[in-house]
Structures are given as structure tokens and as C-alpha cells.
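Please read the structure below before turning to the comments.
Atoms within each ligand, like the ligands themselves, are counted from 1 in listed order.
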Amino acid sequence: MFEKVLIANRGEVALRIHRACREMGIKTVAVHSVVDANAMHVKLADEAVCIGPANAKESYLNKANIISAALMTGADAIHPGYGFLSENADFAEMVEAHGLVWIGPKPEMIRKMGDKVEARRLAKDAGLPVTPGSDEEVATVLDAIQWGEALGYPVIIKASAGGGGKGMRVVQRADDMEMAFTLAQNEARAAFGNEGVYIEKYFTNPRHIEVQILADNYGHVLHLGERDCSLQRNHQKVLEETPSPALNPEERERLGKMAVDFVQKIGYSNVGTVEFLYENGQFYFMEMNTRLQVEHPITEAVTGLDIVREQIRMAAGQTLDIRQEDLQFHGVAIECRINAEDPNTFTPCPGKIGQWHVPGGLAVRVDSGMYAGCDVPPNYDSLVAKLIVSGRTRNGALMRLKRALGEFVIEGIQTTIPLHQAITESPDFIDGQYDIHWLEEFIKNRKA
Ligand code: ADP
């Protein structure tokens with residue numbers, strides 16, 4: 001097992017990895033930018049190295065500085081967390097080239113899945129149903145118009161190298177295609193340095209349902225059930241729950257098998273998430289995320305497994321010692337992503353936190369790197385805390401969620417807690433009746 005792991009991230013995710021390491025007796029090295037010198041992830045780590053200025057490009061995305069920090073401190077391995085360099089195959093290769101272990105899937109697997117067109121091809125070859133769409137990148141407006149005709153409007157243009165909900169454009173009719181196509185290519189070039197785009201049928205009321213998988217280096221693959229991540233704004237997840245209120249046991253079993261089968265066929269290892277759209281009883285493969293996910297704690301809450309611990313063990317070459325048939329799922333878990341944003345306009349609200357009190361009690365978990373008096377810098381993602389609650393029943397989890405949301409005291413910055421409170425009061429959410437478009441409608445109606 002590793003003696004020392006460098007955590008190439010910040011905030012709650014860096015803390016999450018640190019906690020797993022500590023419990024495994026592994027020393028941790030934090031990296032930080034100048035503005036994060038007093039951050040909690042820095043305070044709790046065994047060692048910390050400043051890797052650059054506030055701008056993420058020069059610090060948390062600075063590959064050379066991170067590798068230097070690992071070599072300087074004698075770390076054995078690097079955990080990238082999620083975001084930043086977690087799905088960067090070049091960085092993973094660089095880590096390995098310097099004799100360090102990359103805690104994640106093999107770089108070539110990250111590269112394959114990072115090309116969404118290639119990922120769709122692999123899924124299709126493995127016999128998975130994929131969202132109807134172009135099998136290749138679409139190079140010209142004429143081709144795009146032909147795909148629009150073939151698939152039937154609406155369609156969605158997506159960046160092949162896309163991620164984080166960026167570089168997607170919905171096209172309602174043929175007349176809009178030329179403009180949308182050009183804009184999508186430009187956006188893709190600006191965001192990902194690659195203008196490649198492809199086109200999919202745009203689903204009008206699907207759910208986003210994903211499967212967490214664990215796969216060791218010896219071909220043992222497990223799924224840890226599904227997460228329903230349909231509550232989204234701007235294609236970004238806001239609240240997640242497991243199990244999905246929409247699936248029946250037969251569908252759940254079919255979905256888990258599909259994900260495991262895919263991962264086995266492509267020879268994937270470490271943790272990953274296979275994402276599907278679900279509409280009218282059908283699943284459609286959308287993409288695979290080759291990293292730990294923000295919403296992994298809800299899966300931990302219902303399985304009792306520490307996913308980061310398993311991830312580190314697998315990266316160290318250990319075998320999974322859990323079998324699918326031994327896994328048990330208990331109850332329902334829900335996560336709210338709490339952002340430092342105006343809850344009505346969603347404008348980021350960085351600043352200095354005054355009072356800070358987080359909820360506690362049975363089956364309540366708060367993952368956060370914040371504390372009273374700390375700064376929320378304007379330079380990074382606006383997530384300040386994740387609230388994860390579980391209950392024996394969905395109603396029990398909901399009641400607990402409402403109770404816990406009401407206990408937060410966060411002064412000095414605005415947060416999206418009022419939005420989460422409004423969601424938990426909504427009859428549709430209480431009934432589990434929502435799709436990926438529901439939240440945006442809900443927000444619109446709330447303002448009206
Ligand atoms: P990213 O990697 O940027 O997160 P995804 O491919 O996972 O992109 O898509 C993000 C979200 O966009 C999905 O969760 C879903 O809400 C929406 N979306 C993606 N593809 C489609 C589609 N074909 N039809 C409808 N919504 C879609």
C-alpha cells in the first residue's frame with residue numbers, strides 16, 4: 001500500500017480523499033494556490049506545497065508543478081479528485097512517466113472515453129443501446145442539416161471533447177442549424193481546444209440515470225446501483241438521489257448488468273460511472289465518466305462502502321474483496337449541492353464566510369472545506385458544501401433533508417439553500433415525478 005499520496009485538488013474533494021487516506025494510514029500531501037493557503041484541505045494534510053497563483057491554469061491545472069510537488073515530498077501516488085486534471089489523460093501519463101502511481105483508470109481508457117464519439121462507438125460495439133445520433137464527428141453544416149433531418153428535431157449538438165455540461169446546443173428546427181452548428185464548433189474550440197462536434201436526438205423528457213462501477217485490475221467488476229441525477233440546471237447536476245424513484249426492480253437489474261457488461265468488455269479498471277438517459281422504459285448510453293463523481297456519497301450512504309478507499313486499494317493493485325451478491329442496498333439517500341450563489345439569479349457570491357454551522361444528527365453528512373471566517377475565492381467552482389442524508393424510506397430521507405437544510409447557518413455569502421428548500425416542498429419532487437427539464441421549469445415558475 002502507498003505510504004504517501006499527493007492530492008491534486010482543493011476544497012471538499014481534497015478533504016474527502018484526505019479522510020480516506022488517513023483512515024488507511026496513508027500520509028497526505030496537499031497542493032494549493034496562493035489564495036488557498038489557509039484552506040481546510042491545507043490545514044489537515046500532513047504536508048502542503050504551494051503550486052502557483054490563484055488562477056487555476058497556473059496552479060491546480062499546472063501539471064509540471066504538481067508533479068514536482070509529488071517528487072519533492074516523496075509521494076508514491078497522485079489522486080486527482082474530480083474536476084481539474086481528473087480526466088486528463090496527458091497528466092495521467094505524465095504521472096506514470098515520473099514513476100508515480102495514478103489513482104484512476106489507465107490513461108488510454110481516459111483518452112478513449114474523453115472522446116465522446118469514440119465512447120459511443122465502444123458502447124455500441126459492446127451491444128449497449130446508445131442515444132440515436134451521428135456515429136462520427138459532423139464536419140460541415142450540410143452534414144449537420146442531414147443529421148437533423150434523419151434524427152428528427154429537436155437535436156442536440158455536443159462537443160466530442162466536452163464535459164461539465166459545456167459545449168452543448170439544442171437545435172429546435174432546420175432553420176436554426178447553421179447558426180447553432182457554427183456557435184457549437186466555436187464554443188468547443190474555445191473550451192476544449194478541439195472543434196469536433198457530433199449530433200444526437202434531443203430527448204424531451206428523459207431522466208439522467210447513472211451507474212457507479214468498481215473494477216479491479218484483475219477483471220472483477222461490481223456495480224453499486226444507480227443514481228438519479230435528473231435535477232439539473234444548465235445541464236449541471238443540482239440534487240441527486242439513489243435509488244431512482246423511476247425504476248422498478250427489473251429495470252434496475254438490467255441497468256446494473258448493462259454497465260458491468262460494458263466495463264468488462266472494454267477492460268476498464270478503477271472507479272467509473274456509466275451515464276444513461278432513460279425515457280419510456282428504455283435506457284440509452286450517453287457517456288462514461290472515468291473518475292470519482294461529486295455525487296458518490298449517496299452511493300456510499302446506501303451501500304456502506306467507502307468508494308475512495310476501494311479506489312485507492314485498486315490503484316495499489318489489490319483485488320476487490322466484495323462480490324456483487326454480497327452487496328446490500330439500504331434505504332434512500334439524497335445529496336444537495338450547495339453553491340455560493342444568489343439562489344434566484346445563480347450569480348456566484350464569493351466572499352468571506354462569517355458564522356458557519358452545519359447540520360448534524362442521524363444519517364446526515366456534510367462534505368465541505370469551509371469554516372467560520374474562511375474565504376470563498378472567486379477563482380474556482382462555487383460549490384461550498386454537499387449535504388447528504390439518508391433514510392430507511394424516501395419519505396424518511398425527505399423529512400430528514402428538510403430538517404437538515406433548516407439547520408445550516410452560513411453568513412457572509414449567499415447560497416442555494418433556499419432553492420433546495422423550495423425543491424423539497426414541491427409536490428412533483430415529493431412524488432419523484434421529474435425529468436431533466438423539470439428544475440429549469442420549476443425555477444422559471446418560481447420567479448414568475
Ligand atoms: P457532460 O459531460 O458535459 O456533463 P453529458 O453528455 O453528460 O455532458 O450531458 C449532460 C446533460 O445534458 C445530461 O445529464 C442531460 O441532462 C443533458 N443531455 C445530454 N444529452 C442529451 C440528449 N440527447 N437529450 C436530452 N438531454 C441531453
[Y] and [X] side chains, donor-acceptor separation under 3.5 Å:
X: S390; Y: R400; value: no
X: T273; Y: E210; value: no
X: E341; Y: S382; value: yes

Specify the protein heavy atom at minimum distance from [atom]: its residue, its atom name, and the distance to 0.1 Å.
atom: atom 4 (O) of ligand 1; result: G165 N, 3.3 Å
atom: atom 24 (N) of ligand 1; result: F203 N, 3.0 Å
atom: atom 26 (N) of ligand 1; result: I436 CD1, 3.2 Å
atom: atom 2 (O) of ligand 1; result: E287 OE2, 2.6 Å
atom: atom 21 (C) of ligand 1; result: L277 CD1, 3.6 Å
atom: atom 9 (O) of ligand 1; result: M168 CE, 3.8 Å
atom: atom 8 (O) of ligand 1; result: K116 NZ, 3.1 Å
atom: atom 12 (O) of ligand 1; result: H235 ND1, 3.2 Å

Purely on distance, is any nitrogen or oxygen of [X] under 3.5 Å from one on ligand 1?
X: K201; result: yes
X: K158; result: yes
X: M286; result: no
X: T131; result: no

With a cut-off of 4.0 Å, which atoms of ligand 1 are near a heavy atom of [X]?
X: E275; result: 7 (O)
X: I156; result: 22 (C), 23 (N)
X: Y202; result: 24 (N), 25 (C), 26 (N)

Check your understanding: Going by an N to O cut-off under 4.0 Å, is there a salt bridge joining D261 and K265?
Key -> yes

Exercise for review: State whether E250 and R254 are salt-bridged, where the test is any N-O pair (Lys NZ or Arg NE/NH1/NH2 against Asp/Glu carboxylate O) under 4.0 Å.
Suggested key: yes

With no hydrogens and no angle check, is any side-chain donor or acceptor of [X] less than 3.5 Å from a backbone partner on [Y]?
X: Y434; Y: L439; result: no
X: E87; Y: I110; result: no
X: E187; Y: K166; result: no
X: N194; Y: G196; result: yes

Practice item. Is it possible for you to check whether R120 lies under 6.0 Å from the centre of the six-membered ring of Y284, through NZ or CZ, and within 45° of that ring's axis? Key: no

Point to revise | ligand 1 contact on K237 by region, counting heavy-atom pairs under 4.0 Å | key: neither

Exercise for review: Would you tell me which option among Q232, H208, E279 has the nearest heavy-atom contact to atom 16 (O) of ligand 1?
Suggested key: Q232

Check your understanding: Any idea how W102 and F91 line up, ring-wise: parallel (<30°), tilted (30 to 60°), or perpendicular (>60°)?
Key -> perpendicular

Review point. Should Q236 be listed as contacting ligand 1, given a heavy-atom distance under 4.0 Å as the test?
Key: no

